[in-house]
Amino acid sequence: MLDMKLIRSNPDWYKGKLAERNVPGEVIDNLLRKDSERRDLIVKSESLKAERNEVSEKISQLKRNKGNADDQIQRMREVGKEIKELDEKLEGIKAEQHDIEAHLPNVPADEVPVSLTEEGAKELRRIGEPRKFDFTPKPHWEIGENLDILDFKRSAKVSGSRFVYYLGAGAQLERAVYNFYLDQNTEVGYTEVLPPYMVNSDSMFGTGQFPKFLENKAGFEIKDSDLTMIPTAEVPLVNFYRDEVIPEAKLPVKFTALTPAFRSEAGSAGKDTRGLIRLHQFNKVEMVQFTKPDESWDALEEIIHQAETLLQKLGIPYHVITLTSSDMSFTAAETHDLEVWMPAQNRYREISSCSNTLDFQARRAHIQYRDENGKLQYVHTLNGSGLAVGRTVAAILENYQNEDGTVNVPEVLQPYMHGMKKIVKNEKF
RNA sequence: GGCGAGUUGGCAGAGUGGUAAUGCACCGGACUCGAAAUCCGGCGAACCGGUUUAUAGCCGGCGCGCAGGUUCAAAUCCUGUACUCGCCUCCA
């Protein structure tokens, strides 16, 4: 949520910035109109309420002295009616204003490339040489199916498209990857969390998924309940402190969690229909930080660095890009994606998204801290994948494949695989 | 799933229709070399609006889990709902 007071005092600046994210200027004009209408109503209603309080006090005195207050009561009956009418109108305007505010995305930071499409993302650096193959590298789903460590046919039967069974060494590899990630993240100061996988709609609003998520049918809501399957661990991690004041001494708070992420992938029909890239359910290790306002940009660098370290230890080539103003998630002020090299597709694919939301989520979720002057301030929240697990497995299968169809296990994962150095065909299934 | 109790300021805790006691804590002052104790005064949360250069001050609104209702007036009455605790039932 953006600060209404700031929009009120710098409307043109906000119009310009939000135009970079495809928000028409009329939306801001409309918002300002609602805002001033709302405040007019407040003034009217509150002055009547002040009068009512005053007269009620008199009525109370008269009654105590056994006087007659019929005139005043008659008058207050009218005033009461007027107040009710004004307040009903006010509620309507408030709801309309809130609806507009709830749909306004965060303002892009200065470094963000301005573009109304995803074209124009800035490449910051490229790390690791893509391997030269002396055979044609296979896509990961072929490798996985040939080795009998991935089964997309049976998942389709049991659940539908965009699900998968990992089997044997495949399941073990997935587990090795996320255990490696969790160990690495906790080693640099993140507290491991195992959060709920379903959250209520206040939480979904707090991190900025709702209301748009509902309109786009992007998530999986549980019928006849207020619960939604989490689309990312960011939701339960950030909302951990919703409606709370975090003691200053605790900041920065750093959480990491492994959770499944559930996404409907509405609107991506036909895209990445095969393999592990785009599933309704996938595992992800997430990092979340709560910081003081002046520390969040450093924290973003720290998160990206940690995500990069993971890929470097795995030995997978990647690059880091800055997303364009309109490609960022709704809540982000700036987002850097890590994309890993996928030999079979001959391109980089997203494996991590690291964002600073500044106080955008903190405002929605009411997460504050008390500064050295005792004043309440919104914290800044950040999130970054560290990393997507399924996509990591896909990247390992493709980058570490051998001509005979086997796959080498990256060295750092071998201890997590009971020393297994190579994945060979599993005949059991 | 059933029954019962609870939800009031940082904490504790009164208040069953007349507009939020009190204690601890906290802040200011007195006393003191200083502190403790004592005394005096203040403060009670966030939040919203008006005034203002001001996130200062002042004024007002709101405020007793949340949402409605009754009333001139609601922490108090009514309805719904969330959460917490206890007992029962069920269950990995």
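Quick note on labels: first sequence line is chain A, next is B, and so on, each numbered from 1.
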My understanding is that a pair needs two contacts under 3.5 Å, Watson-Crick or G-U wobble. By that rule, which nucleotide pairs with [N]?
N: B/G28; answer: B/C40
N: B/G60; answer: B/C48
N: B/G34; answer: none
N: B/U19; answer: none

Legend entry - Nucleotide nearest A/K49 (side chain, heavy atoms from C-beta), chosen from B/G50, B/C62, B/A46: B/C62
Legend entry - Nucleotide of B/C72, B/G61, B/G50 approaching A/A50 most closely (side-chain heavy atoms): B/G61
May I ask you to say what [X] touches in the nucleic acid, namely base, sugar-phosphate or nothing, with a heavy-atom cut-off under 4.0 Å?
X: A/I42; value: sugar-phosphate
X: A/K58; value: nothing
X: A/R75; value: nothing
X: A/R363; value: nothing

Inset, instruction - Measure the acute angle between the ring planes of A/F255 and A/Y241, then classify it against the limits of 30° and 60° as parallel, tilted or perpendicular. - result: parallel
Inset, instruction - Tell me which of A/Y378 and A/S60 sits closer to the 5' end of RNA chain B, going by the nucleotide each one is nearest to. - result: A/S60
Inset, instruction - Would you kindly compare A/K5 and A/E57 by the position of their nearest RNA chain B nucleotide and give the one closer to the 5′ end? - result: A/E57
Legend entry - From A/N106, A/N383, A/T331, A/T381, residue fulfilling side chain to side chain donor-acceptor pair (under 3.5 Å) relative to A/T357: A/T381
Inset, instruction - Examine A/F360 together with A/H380 and report whether their ring centres are nearer than 6.0 Å. - result: no
Side-chain N,O ([X]) to OP1/OP2 ([N]) below 4.0 Å:
X: A/R38; N: B/G49; value: yes
X: A/R52; N: B/C62; value: yes
X: A/R77; N: B/U71; value: no
X: A/K84; N: B/U70; value: yes
X: A/N200; N: B/A82; value: no
X: A/N53; N: B/G61; value: yes
X: A/R8; N: B/G49; value: yes

Legend entry - Carboxylate-amine/guanidinium proximity below 4.0 Å for A/E51 and A/R75: yes
Inset, instruction - May I ask you to test the A/V407-A/K422 pair for a side-chain heavy-atom distance under 4.5 Å? - result: no
Can you tell me, in whole Å, how much space there is between the [atom1] of [N] and that of [M]?
N: B/A45; M: B/C33; atom1: P; result: 38 Å
N: B/G6; M: B/G13; atom1: P; result: 14 Å
N: B/C88; M: B/U71; atom1: P; result: 45 Å
N: B/A12; M: B/C47; atom1: P; result: 22 Å
N: B/U19; M: B/G60; atom1: C1'; result: 16 Å
N: B/U8; M: B/A75; atom1: P; result: 15 Å
N: B/U51; M: B/C31; atom1: P; result: 44 Å
N: B/C78; M: B/U70; atom1: P; result: 15 Å

Legend entry - Gap separating the OG atom of A/S385 from the CE atom of A/M287, nearest 0.5 angstrom: 7.5 Å
Legend entry - Test: A/R364 cationic atom under 6.0 Å from A/F205 six-membered ring centre, within 45° of axis: yes
